[in-house]
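All values below come from the heavy atoms of this structure, side chains included, with hydrogens, waters and symmetry mates left out. Model, not experiment: these values are computed from the prediction.
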Amino acid sequence: MYTSTTFTPFSMSMPDGRLVTFGRPQVMGILNVTPDSFYGGSRSFDSIAIEQRVSTMLAEGVDIIDIGGYSSRHGATHVSEEEELRRLSLGMDIIRRHTTSIPVSVDTFRAEVARKAISEMGADIVNDISGGNLDEGMWDVVASVNAPYILMHMRGNPENMMDFTEYEHVTRDVLSELGDRLQQLAIMGIKDIVIDPGFGFSKTLEQNYALLKDMPLFHLFHRPILVGVSRKSMITKLLSNTSEDGLIGSTAINTIALMYGGASILRVHDVAAARQVVEIVEMTRHSE
């Protein structure tokens with residue numbers, strides 16, 4: 001059993017020149033402007049639904065909004081670049097009517113979509129599930145727009161990722177693969193990088209929990225760590241339930257990730273529940 005790791009404050013330089021400092025774990029709320037994301041409760045496909053979702057997240061205390069226009073679930077419908085941009089533009093317009101201060105990350109693996117989301121729509125952070133593997137131009141774009149970058153571990157693509165779950169040792173191999181990419185990003189001058197172990201992507205049920213147990217080891221990179229487990233199959237398969245019933249399991253893992261793993265960002269569908277976890281964990285940590 002490894003020694004637990006506590007949260008470390010971190011900062012990000014945003015594309016507009018702002019330096020944003022985060023003194024406690026952040027709650028990243030998911031805004032899926034798609035009709036086919038794996039969890040039905042997260043789908044906000046028209047302006048009315050998006051408006052309601054954004055208002056609710058803000059009222060519940062969201063710290064960062066993560067907007068995505070292309071579902072990464074297995075079997076999801078292919079979306080053209082034009083349609084992804086249309087969806088993101090609609091969502092970003094609504095977000096920025098409500099708030100100009102909360103950072104927004106754009107969940108995309110396409111370089112041109114990332115560029116336009118940052119340069120033309122007002123997004124701040126690039127959240128790339130592929131770690132640069134699905135569009136060779138992604139890192140050039142991130143460097144050119146000076147955006148913080150969320151580097152997630154995945155092998156293959158969302159359609160075939162579960163064909164690539166052979167590891168000698170899952171934690172060691174994931175650390176090695178992320179380390180190689182961090183070196184490449186450093187050469188390109190990309191500095192503000194968040195590490196995402198990629199729970200649920202190219203990992204079996206058992207491998208996901210091995211990564212959770214080994215989370216303290218990811219701090220060897222001295223980077224903020226994002227944990228995205230919300231209502232995923234690592235919960236529903238273990239507990240034999242559905243994503244609609246996945247809140248309790250998600251809350252349990254988020255608590256472990258904060259208390260034991262030193263997570264910096266929780267990416268969640270359920271902002272209010274995650275905010276309560278952060279409040280309780282922070283109170284516990286700072287109690288005499």
Given side chains that start at C-beta, do those of [X] and [Y] come closer than 4.5 Å, heavy atoms only?
X	Y	answer
E51	R97	yes
E60	T56	yes
V268	N254	yes
Y70	T34	no

Listed pairs under 3.5 Å, donor-acceptor, residues 194-203 side chains, sequence neighbours left out:
{"residue": "D196", "atom": "OD1", "partner": "G198", "partner atom": "N", "Å": "2.9"}
{"residue": "S202", "atom": "OG", "partner": "R155", "partner atom": "N", "Å": "2.8"}
{"residue": "S202", "atom": "OG", "partner": "R155", "partner atom": "O", "Å": "2.9"}
{"residue": "K203", "atom": "NZ", "partner": "H153", "partner atom": "O", "Å": "3.2"}
{"residue": "K203", "atom": "NZ", "partner": "H153", "partner atom": "ND1", "Å": "2.7"}
{"residue": "K203", "atom": "NZ", "partner": "P197", "partner atom": "O", "Å": "2.9"}
{"residue": "K203", "atom": "NZ", "partner": "G198", "partner atom": "O", "Å": "3.1"}
{"residue": "K203", "atom": "NZ", "partner": "F201", "partner atom": "O", "Å": "2.9"}

Requested in this report: Ignoring hydrogens and angles, state whether a donor on the side chain of H219 or T5 is under 3.5 Å from an acceptor on the partner side chain.
Outcome: no
Query raised in the report: Do D128 and S130 have side-chain atoms, one donor and one acceptor, less than 3.5 Å apart?
Result: yes
Requested in this report: Please report the C-alpha distance between L88 and V113 in whole Å, then the side-chain angles of each, then the deciding distance to 0.1 Å, and finally whether the side-chain contact (heavy atoms from CB on, under 4.5 Å) criterion is met.
Outcome: CA-CA 9 Å; L88 292 173; V113 171; 3.4 Å; yes
Got a list of side-chain donor-acceptor pairs under 3.5 Å for residues 20-28, not counting sequence neighbours?
{"residue": "R24", "atom": "NH1", "partner": "E279", "partner atom": "OE2", "Å": "2.9"}
{"residue": "Q26", "atom": "NE2", "partner": "R24", "partner atom": "O", "Å": "2.9"}

Kindly give the heavy-atom pair with the smallest separation between [X] and [Y], and that separation in Å.
X	Y	result
I118	A147	CD1-CB, 4.2 Å
F10	S264	CE2-CB, 3.7 Å
A273	T251	CB-OG1, 4.2 Å
L134	G156	CD2-O, 3.9 Å

Could you tell me whether [X] and [Y] make a salt bridge, using a distance below 4.0 angstrom between a side-chain N and a carboxylate O?
X	Y	value
E83	R87	yes
E84	R110	yes
R172	D214	no

same_hphob_cluster([X], [Y]) at 4.5 Å side-chain heavy-atom cutoff:
X	Y	result
I235	V227	yes
I150	L266	no
L226	L175	no
F218	V170	yes
L151	F164	no

Query - Expected output: side-chain Y209 to main-chain M234 donor-acceptor under 3.5 Å - result: yes
Query raised in the report: Has the side chain of N160 got a donor or acceptor atom that lies under 3.5 Å from a matching backbone atom of N157?
Result: yes
Report task. Take R96 and D124, measure what salt bridge (Lys or Arg N to Asp or Glu O under 4.0 Å) needs, and give me the verdict at the end. Result -> CA-CA 12 Å; R96 287 312 185 204; D124 304 289; 2.8 Å; yes
Requested in this report: For R267 and I64, run side-chain contact (heavy atoms from CB on, under 4.5 Å): C-alpha distance rounded to whole Å, both residues' side-chain angles, the deciding distance at 0.1 Å, then the answer.
Outcome: CA-CA 9 Å; R267 183 179 182 272; I64 303 169; over 6 Å; no
Report task. Among D270, D245, T236, find the one that has a side chain to side chain donor-acceptor pair (under 3.5 Å) with R231. Result -> D270
Query raised in the report: Just wondering, are more than 12 heavy atoms of other shown residues or ligands nearer than 6.0 Å to CD1 in I48?
Result: no
Query - I248 CD1: over 12 foreign heavy atoms closer than 6.0 Å - result: no
Report task. Kindly determine whether L182 and F221 satisfy side-chain contact (heavy atoms from CB on, under 4.5 Å), including the steps that lead there. Result -> CA-CA 9 Å; L182 281 170; F221 294 126; 3.4 Å; yes
Requested in this report: Begin from the C-alpha positions of N133 and M154 and carry the test side-chain contact (heavy atoms from CB on, under 4.5 Å) through to its verdict.
Outcome: CA-CA 9 Å; N133 283 339; M154 180 179 70; over 6 Å; no
